[in-house]
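First comes the structure, then the notes that go with it.
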Amino acid sequence: KVVLPKVESLPLELTPIQCDYEAMIFDLDGTLTDTLKPISNILLDKLLLLLASGVLIAVITSQGLEEVKTNILDRIGQDKKPLMRNLYLYTARGAQAFSGRLDHDTGVTIGEIYDRAKTDLNSAQRVKLRQIVQEAVMDVANEIEITDRQAQITIRLGKKHKDRRDATIQNLQRAIQDNSLPIEIEKAGTSTIHLVLAGVNKGEAVKHFLSSVVRRELGKEFDPKKILIVADRFHDEGSDRKMIIPGARVVSVGNKASEL
């Protein structure tokens, strides 16, 4: 059964409501939050209300766990922490997965479900991948942002250098192939490149959430019509496109988290 907190232990504004959906899946940047910004108080309250109502929620993002902690988890008040038991986090595009767990000694903690980043690349391969990235953008390295999250490397070229994204991707693909690294390249937005572990994407994260979490917690086969999937955009080449499953309700918010 889905774990519901005791109503009398919750703030009045979080009294459970009836909801048409048993599970909801959200992208983060441009959906629940503006890109790399904290979630708004209004959206956080709505998210907590859904959790209090027994809705299973997955947040699937290219961000790392520390960023998600800063932008969402750290903003949840101590009296509302028990609601995190119904919250599942898939970070680094699903290479890592975590859930809120109730510990009688320490309260609610974030527990690791799996972490492919620990096993899919050895240390020598990680060093080589970082070298490949640096060489691909060497001439503009001081003008762009490169973030290494272990499970993925993100290159943000920004508006100034977005026109060189395709050429950069071609250079990266050649070097990755020459070194036989299990790495795939994905585009995001108009100027961002993600280097991710092969076979890791938001679609696989959705499959894990539905088959290993939702089915288990509901104790039955889930109905796709009772699954809501929300992201900023579902471009053909974008990573969010892979989150769609047949029969589910799919909503694009057009990169306007403030209007969600």
Side-chain angles (χ1 to χ4, degrees), residues 1-5 19-29 31-32 47-48 50-69 72-73 76 81-103 106 108-121 149-152 182 184 186 194 196-231 234 238-251:
K1 292 182 179 179
V2 176
V3 178
L4 278 174
C19 182
D20 293 334
Y21 301 102
E22 295 173 331
M24 297 184 180
I25 301 168
F26 293 96
D27 173 42
L28 186 57
D29 285 335
T31 304
L32 286 178
L47 197 67
L48 292 172
L50 291 168
L51 291 169
S53 302
V55 179
L56 298 167
I57 291 180
V59 177
I60 303 176
T61 177
S62 61
Q63 292 186 23
L65 180 62
E66 291 305 314
E67 293 164 308
V68 176
K69 283 182 177 179
I72 295 184
L73 303 184
I76 299 176
K81 291 289 187 183
L83 300 177
M84 288 166 51
R85 288 176 295 181
N86 287 336
L87 178 63
Y88 295 82
L89 307 172
Y90 292 84
T91 59
R93 260 177 171 63
Q96 299 158 317
F98 307 88
S99 67
R101 296 177 182 173
L102 187 61
D103 187 295
T106 62
V108 177
T109 59
I110 293 297
E112 180 182 298
I113 300 175
Y114 66 77
D115 190 343
R116 285 192 55 179
K118 292 181 178 178
T119 58
D120 277 36
L121 285 182
R149 299 191 181 100
Q150 294 297 310
Q152 73 175 38
E184 296 175 351
E186 290 187 353
H194 295 293
V196 299
L197 297 169
V200 168
N201 57 65
K202 291 184 177 181
E204 291 301 314
V206 169
K207 289 179 183 178
H208 180 274
F209 176 61
L210 294 177
S211 62
S212 298
V213 175
V214 175
R215 184 179 288 131
R216 180 195 69 220
E217 295 296 333
L218 293 179
K220 62 179 182 179
E221 192 65 31
F222 63 87
D223 181 354
K225 294 179 181 178
K226 294 186 177 182
I227 307 296
L228 177 68
I229 301 172
V230 186
F234 293 96
S239 61
D240 294 342
R241 185 83 175 184
K242 297 176 181 177
M243 294 169 61
I244 298 175
I245 64 166
R249 174 79 185 277
V250 178
V251 177

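By convention here, the first residue in the shown sequence is residue 1.
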Test item: Val68 and Phe98 side chains (from C-beta on) under 4.5 Å apart, heavy atoms: no

Output for pair (Thr119 OG1, Asp115 CG), nearest 0.5 Å, gives 7.5 Å

- Item | Ile72/Leu89 under side chain to side chain contact (heavy atoms under 4.5 Å, CB included): CA gap, chis, key distance, verdict | CA-CA 11 Å; Ile72 295 184; Leu89 307 172; 5.7 Å; no

Contacts of Glu66 meeting side chain to side chain contact (heavy atoms under 4.5 Å, CB included) (sequence neighbours excluded), chain-then-number -> Lys69

One thing to verify: whether Lys118 and Glu112 come together as a salt bridge, which I'm taking to mean a side-chain N less than 4.0 angstrom from a carboxylate O. yes

Do Glu22 and Val214 come close enough that some side-chain heavy atom pair is under 4.5 Å? no

Discussion item. Under a 3.5 Å threshold, yes or no: a donor from one side chain and an acceptor from the other, between Tyr90 and His208?
Written reply: yes

Those residues at least two apart in sequence (or on a different chain) that pass side chain to side chain donor-acceptor pair (under 3.5 Å) with Asn201 are none

To the nearest 0.5 Å, atom CD1 of Ile227 lies from atom CG of Leu56 at 8.5 Å

Minimum side-chain heavy-atom gap Asn86-Glu217 below 4.5 Å:
no

All heavy atoms of Val200 vs all of Arg93, minimum pair found to be CG1-O, 3.6 Å

For Asp223, the salt bridge (Lys or Arg N to Asp or Glu O under 4.0 Å) test, sequence neighbours excluded, returns none

To the nearest 0.5 Å, atom CG of Leu50 lies from atom CD1 of Ile57 at 5.0 Å

key: Intermediate values then yes/no, side chain to side chain contact (heavy atoms under 4.5 Å, CB included), Val59 and Leu87   = CA-CA 8 Å; Val59 177; Leu87 178 63; 4.1 Å; yes

Between Leu32 and Phe26, the two heavy atoms sitting closest are CD1-CB, 3.7 Å

Output for pair (Leu83 CG, Leu47 CG), nearest 0.5 Å, gives 9.5 Å

**Item:** Salt-bridge contact Glu186-Lys242 (side-chain N to carboxylate O under 4.0 Å)
**Value:** yes

Tightest non-hydrogen contact, residues Ile245 and Val206, listed as CG2-CG1, 3.9 Å

Given side chains that start at C-beta, do those of Met84 and Leu51 come closer than 4.5 Å, heavy atoms only? no

With sequence neighbours left out, the residues meeting ring-ring contact (aromatic ring centres under 6.0 Å, His included) with His194 are none

Heavy-atom closest pair (Gly64 atom, Glu67 atom, distance to 0.1 Å) is N-OE1, 2.7 Å

For Glu204 and Gly199, the nearest pair of non-hydrogen atoms, with its separation, is CG-O, 3.4 Å

Closest non-hydrogen contact found for Phe209 with Met24 is CE2-O, 4.2 Å

Residue set satisfying side chain to side chain contact (heavy atoms under 4.5 Å, CB included) with Ala92, at least two apart, ordered chain then number -> Ala95, Gln96, Ala151, Gln152

dist Arg215:CZ -> Glu221:CD (nearest 0.5 Å) comes out at 4.0 Å

So CG of Asp27 and CE of Met243: to nearest 0.5 Å the spacing works out to 6.0 Å

Those residues at least two apart in sequence (or on a different chain) that pass side chain to side chain donor-acceptor pair (under 3.5 Å) with Lys225 are none

